[in-house]
Peer 1: 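Got a structure here, written out as structure tokens. Questions coming.
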Amino acid sequence: MGKRMRDDEEDAGEVALRKAGMKLPSNIKNKHKRSAEYAKVRAEKIKEKKQRIKARDTAERQAVELGETPPPRQVPKTIENTREADETVAQPDDEELQVDDGVDEFSGHFARAQMPKLLITTSQECSSPTRKFIKELLTVIPNATFYKRGSYDLKQIVKFAKNRDFTTMFVVNENRKQPNGLLMIALPEGPTAHFKLSSIKLSKKIKGHGKPTSHMPELLLNNFTTRLGHRVGRLFASVFPQDPQFRGRRAVTFHNQRDFIFFRHHRYIFEEKEIKELAPVTIGVNSDKKSRKAAPKTVKKNAVVARLQECGPRFTLKLQSLQSGTFDSKYGEYEWVHKPDMDTSRRRFFL
Amino acid sequence: MQSDEVVWQVINHVHCSFKAKMQTQNFCRNEYNVTGLCNRSSCPLANSRYSTIREIDGTLYLYMKSIERSHSPKDLWERVKLPRNYGKALETIDKHLEHWPKFLVHKNKQRLTKMTQYLIRMRKLALKTKRKLVTMPAKEVKREKRREAKALTAAVLDKSIEKELLQRLQSGTYGDIYNFPVKEYEKVLAMEEMEPAGEESEEEEEEPEVEYVEGYEMEDEDEDDAIEDFAQGANRMSDSEDDDGEQSHDESDASEDEDMQPSRQSRKAPKSLKVPSKRGQVDPTPASRKKRRPHVEIEYEEEREMQNADF
């Protein structure tokens with residue numbers, strides 16, 4: 001028999017099977033019999049799993065009855081909690097970060113030295129979907145103006161904007177009549193961020209949308225963990241004024257999830273509401289079946305709830321590149337550039 | 001001169017590699033052709049005395065061929081560099097082609113004019129900014145779309161935003177605007193182990209500083225939520241996908257709530273607010289949790305346990 005029969009890469013289970021004289025399912029040539037074997041293996045696995053779950057549940061129940069803490073439950077793996085460890089994750093107590101924040105390009109804005117002023121323009125072509133999108137952007141962002149592109153170079157426009165004291169510049173890029181890119185240039189000598197723009201939904205298409213007021217909005221920046229993310233978050237924050245009017249109850253959110261930044265614009269309200277809740281179960285007391293059945297399952301409680309009404313556009317951004325200094329694609333210094341081989345790992349994110 | 005005629009007869013009627021036949025006209029692909037057309041007088045092969053202008057790397061050269069050198073192909077073409085000044089170049093052509101047939105002189109000057117014009121245009125264009133065209137491989141476009149959709153479901157946006165707002169309310173960033181009694185915050189309090197009042201920075205620079213805190217708390221939040229949801233959904237779902245569990249639980253909650261409060265428009269109590277009360281205490285037993293499921297589930301309860309026992 002010898003070499004042909006033996007596979008080089010046998011795992012422990014297969015070795016055991018061979019030694020026990022049982023045939024591997026994959027070695028059975030007859031398809032019907034082979035699939036029957038596999039079905040048996042699957043049924044075994046399902047049975048084992050059910051038994052495991054049952055055992056775990058009974059162990060928990062017993063522990064609760066006895067008054068001990070039940071054994072801890074397993075944590076399911078999500079992409080977020082199996083994310084590849086990133087050494088650039090910004091720690092809240094990082095001194096270096098705080099020092100950097102004090103001297104970076106946005107420190108002036110955060111020190112409330114100036115009110116942000118936004119210039120929005122497009123690429124050379126500007127079709128009506130792009131115009132509609134920009135119109136909505138103008139309602140969301142306070143103190144923003146739209147200028148037609150003309151035939152000026154971006155570097156020239158940057159110069160003009162600086163002369164007129166703008167603090168940020170947006171260039172909405174278009175492809176086949178649909179906006180597909182957003183170039184954010186922070187103005188005095190700020191970084192230039194290029195984003196891919198996708199999933200644009202205008203307010204008219206949003207069901208139950210609200211009309212925004214002209215109060216200064218609150219800004220929510222969620223999940224910007226790494227240093228790069230922190231920088232991008234500050235870039236977003238520099239577009240909005242630093243003095244939100246809470247009475248206006250307007251919230252603008254940039255939520256980062258797996259390197260996709262979701263933009264939402266809501267009006268919110270806090271309310272008191274009665275909600276039903278699980279009755280608290282005290283360990284050791286009244287835990288036997290009889291008294292458990294007698295006790296009420298749910299308890300009504302008053303809670304403060306936040307309710308949202310969406311207004312304004314929603315869109316998704318994905319960072320393509322971050323260049324320090326104003327727009328200079330040939331000679332600029334890029335802090336971060338997206339390369340295709342960054343996409344290979346499904347657990348690695350950069351923001 | 002005689003051999004020229006023979007050459008032309010052969011080339012024209014039999015076969016010429018450089019000839020490009022079009023519906024209206026014949027073109028000549030030979031690099032040394034002055035006009036670019038296939039003619040008796042324009043053919044560089046069928047004329048022993050011939051001249052052209054060629055451009056190499058932006059400079060123009062006058063090439064001349066004569067009978068005297070026709071026996072050695074290596075030295076056949078004499079090359080003269082033309083000055084960059086258009087007027088001076090014209091004079092140079094006149095000088096070198098002084099007693100040559102008018103046809104050739106004329107055509108050479110025409111060619112010079114055209115070439116200088118297009119070179120000027122090329123230089124002007126190089127000064128302008130060129131737009132870069134980027135390819136978008138279909139595979140990558142599809143992949144991005146897929147990932148974005150999954151990230152959106154993982155984000156649970158409405159809930160995260162509501163949570164964040166409630167946190168801000170709890171931490172007092174809104175000051176005196178709202179007047180909710182403190183005991184109703186206990187839910188929010190129970191949600192996380194927040195530092196009580198130590199966030200002075202929050203008042204002043206809310207956005208940048210709060211960022212970190214929120215980010216971390218957020219991540220913990222989502223994880224814990226995920227655990228709870230999974231735990232509740234484990235017995236029901238054969239597929240242990242986290243998102244599925246969470247989503248279907250959401251739906252079941254939604255249906256429950258809507259049953260109770262039909263007047264409410266589209267908002268349901270965020271599930272996150274239900275969860276915290278359990279966190280402080282021990283999880284109730286699976287049996288009682290099963291009973292609290294939407295009514296459909298309760299019916300099955302006994303049966304399912306029997307089924308389990310069968311295996």
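Chain letters run A, B, ... following the sequence lines, proteins first and then strands; every chain starts at 1. All values derive from a computational prediction rather than experimental measurement.
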Peer 1: Apply side chain to side chain contact (heavy atoms under 4.5 Å, CB included) to the pair A/Phe260 and B/Leu152, showing each step before the final yes or no.
Peer 2: CA-CA 8 Å; A/Phe260 288 97; B/Leu152 186 58; over 6 Å; no
Peer 1: Please round to the nearest 0.5 Å and tell me the distance separating atom CZ of B/Arg131 and atom OG of A/Ser329.
Peer 2: 13.0 Å
Peer 1: Which region of A/Arg247, side chain (C-beta onward) or backbone (N, CA, C, O), has a non-hydrogen atom less than 4.5 Å from a non-hydrogen atom of chain B, or is it both or neither?
Peer 2: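 Both parts, backbone and side chain.
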Peer 1: Please report the closest heavy-atom contact between A/Arg258 and B/Ala154, naming both atoms and the distance.
Peer 2: NH2-CB, 3.2 Å
Peer 1: For B/Arg147, is it the side chain, the backbone, both or neither that has a heavy atom under 4.5 Å from a heavy atom of chain A?
Peer 2: both
Peer 1: Step by step, work out the side chain to side chain contact (heavy atoms under 4.5 Å, CB included) result for A/His255 and B/Ile161.
Peer 2: CA-CA 9 Å; A/His255 179 108; B/Ile161 297 175; 5.8 Å; no
Peer 1: Just wondering, do B/Met136 and A/Asn175 contact through their side chains at under 4.5 Å, heavy atoms?
Peer 2: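 Yes, close enough: below the 4.5 Å cut-off.
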Peer 1: If you count every heavy atom of other residues, nucleotides or ligands that lies below 6.0 Å from B/Arg123 atom CZ, does the total exceed 12?
Peer 2: yes
Peer 1: Could you grab the distance from atom CZ of A/Phe270 to atom CG of B/Leu165, nearest 0.5 Å is fine?
Peer 2: 5.0 Å
Peer 1: Does the distance from a Lys or Arg side-chain N to an Asp or Glu carboxylate O, for B/Glu162 and A/Arg307, drop under 4.0 Å?
Peer 2: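 A/Arg307 and B/Glu162: not salt-bridged.
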Peer 1: Taking atom OG of A/Ser198 and atom NZ of B/Lys145, what is their separation to the nearest 0.5 Å?
Peer 2: 10.0 Å
Peer 1: Would the number of heavy atoms belonging to other residues, nucleotides or ligands and lying under 6.0 Å from CG of B/Leu133 be above 12?
Peer 2: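 For B/Leu133, atom CG is not crowded (no more than 12 foreign heavy atoms under 6.0 Å).
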Peer 1: Can you say whether B/Leu157 sits under 4.5 Å from chain A via the side chain, the backbone, both, or neither, judging by heavy atoms?
Peer 2: side chain
Peer 1: With only heavy atoms counted, which part of A/Arg314 is less than 4.5 Å from chain B, the side chain, the backbone, both or neither?
Peer 2: neither
Peer 1: Can you tell me how far the CZ atom of B/Arg168 sits from the CD atom of A/Glu218, to the nearest 0.5 Å?
Peer 2: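 Answer rounded to 0.5 Å: 5.0 Å.
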Peer 1: With rounding to the nearest 0.5 angstrom, report the NE2 to CG distance, A/His266 to B/Asp158.
Peer 2: 5.5 Å
Peer 1: Please report the closest heavy-atom contact between A/Phe246 and B/Tyr178, naming both atoms and the distance.
Peer 2: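 Between these two residues, the closest heavy atoms are O-OH, 4.2 Å.
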Peer 1: What's the spacing between B/Thr129 OG1 and A/Tyr152 OH if we round to 0.5 Å?
Peer 2: 13.5 Å
Peer 1: Between A/Lys155 and chain B, with a heavy-atom cut-off of 4.5 Å, which part of the residue counts as in contact: side chain, backbone, both or neither?
Peer 2: neither
Peer 1: For A/Lys196 and B/Glu148, run salt bridge (charged side-chain N to carboxylate O under 4.0 Å, His left out): C-alpha distance rounded to whole Å, both residues' side-chain angles, the deciding distance at 0.1 Å, then the answer.
Peer 2: CA-CA 12 Å; A/Lys196 250 200 286 202; B/Glu148 189 188 321; over 6 Å; no
Peer 1: Please state whether the side chain, the backbone, both or neither of B/Glu144 comes within less than 4.5 Å of a heavy atom of chain A.
Peer 2: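 It is both, since atoms from each part get that close.
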Peer 1: Give a yes or no on whether B/Asp176 atom CG has more than 12 heavy-atom contacts from other residues, nucleotides or ligands under 6.0 Å away.
Peer 2: no
Peer 1: Kindly check if the number of other-residue, nucleotide or ligand heavy atoms within 6.0 Å of CZ (B/Arg143) is above 12?
Peer 2: yes
